[in-house]
Amino acid sequence: MSALIAIDDAHWFVRDQGRAEAPATLLIHGFTGCAQFWDAIVDRLTPEFRCVTVDLAGHGQTRVPARIELYRLPAVADALARVMTEIGIVRAHVWGYSMGGRLALQFALRHPNRCDRLVLESASPGIADATERANRRRADDALADRIEQIGVDAFVAEWMAKPIFAGQQALPQTIRERASALRKQHTAEGLAMSLRGMGTGAQEPLHDLLPSLATPTLILAGEHDPKFRAIGAQMHDQVPNSVFRIVPGVGHAPYWEAPERTVSLVTPFLNGDEPPQLVDEEG
Ligand code: MLT
């Protein structure tokens, strides 16, 4: 089913797929993504798992009032916990990609009793260094202003041309066009609010809390994404109950670039087994 779920004065677009009795898995998209970005993953995870996908604040069909405090990571994490309650889910596995990975981490730290197993894909705990964080915040704010100036279509074209997504040029044209069309459904105001509220520069860094994270955690990074491989390795050192796996042959978005390969790592992990090692982590 898909539904708009009211939480206070916001409406959250939620899709709930798979058998109701199967273990629930919440899938959280990245910046400019939406629930449909997970379709290839949902196809592979159901019926073994019940898959819940949402449109985040500022994205897709979700409507959150334009108050910046509602776009902060802790507020969005709390809203997701309430969405889960509304659809009758007490505990779920949580898998977040990029911005959604930062949110998934926040969720697991704030709601440890609601999170069974955590998958952090191309994610970070924020930026620890105050100067670097302030610089990133300025850059994200400038990007938010730019979205409002040039509009969503032009922004999406610029965004997808970023070097971090270079690997996606090799994907079939239909898949690239689908990504572009899905990203263009957003509003400039929504994307700008998202960047200002939950951009990497705006978030409180979570590094100090990583050693207290008891949730079993799978950290994923693409083979050709050196920045997030390095961040992933650092998080792995800090999170006690974590495994770190590299997804071969892909860049920043393993779940999108190679859904089959990514699921071959995630499914065993969600079942409590050791995920296979497809690439030497040190290599
Ligand atoms: C993010 O920042 O969340 C991602 O890089 C978004 C994307 O895939 O475009």
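All values below come from the heavy atoms of this structure, side chains included, with hydrogens, waters and symmetry mates left out. Both ligands and their constituent atoms are indexed starting at 1 by order of listing. Treat the numbers as computed from the prediction; the structure is a model and nothing was measured.
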Find out whether L270 and V119 are in side-chain contact, i.e. whether some heavy atom of one side chain is under 4.5 Å from a heavy atom of the other.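 A side-chain contact under 4.5 Å exists here.
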
For R245, is there an ion pair with E274 - N to carboxylate O distance below 4.0 angstrom?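 Salt bridge: yes.
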
Amino acids in close contact with ligand 1, where any non-hydrogen atom sits under 4.0 angstrom away: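 These residues qualify: G30, F31, T32, Y97, S98, M99, W159, F165, R183, H252.
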
For D145, what residues pass the side-chain contact (heavy atoms from CB on, under 4.5 Å) criterion, not counting sequence neighbours?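 Partners of D145 under the side-chain contact (heavy atoms from CB on, under 4.5 Å) test: E148, Q149, R196.
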
Got a sec, which residues hit side-chain contact (heavy atoms from CB on, under 4.5 Å) with E132, two or more places apart in sequence or on another chain?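 Here the qualifying residues are I127, D129.
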
Qualifying salt bridge (Lys or Arg N to Asp or Glu O under 4.0 Å) pairs with a residue from residues 169-187, counting only residues at least two apart or across chains: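 Residue pairs with at least one partner in residues 169-187: D39-R178.
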
Within 45° cone and under 6.0 Å: R114 NZ/CZ vs F107 ring: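 Not satisfied by the 6.0 Å and 45° rule.
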
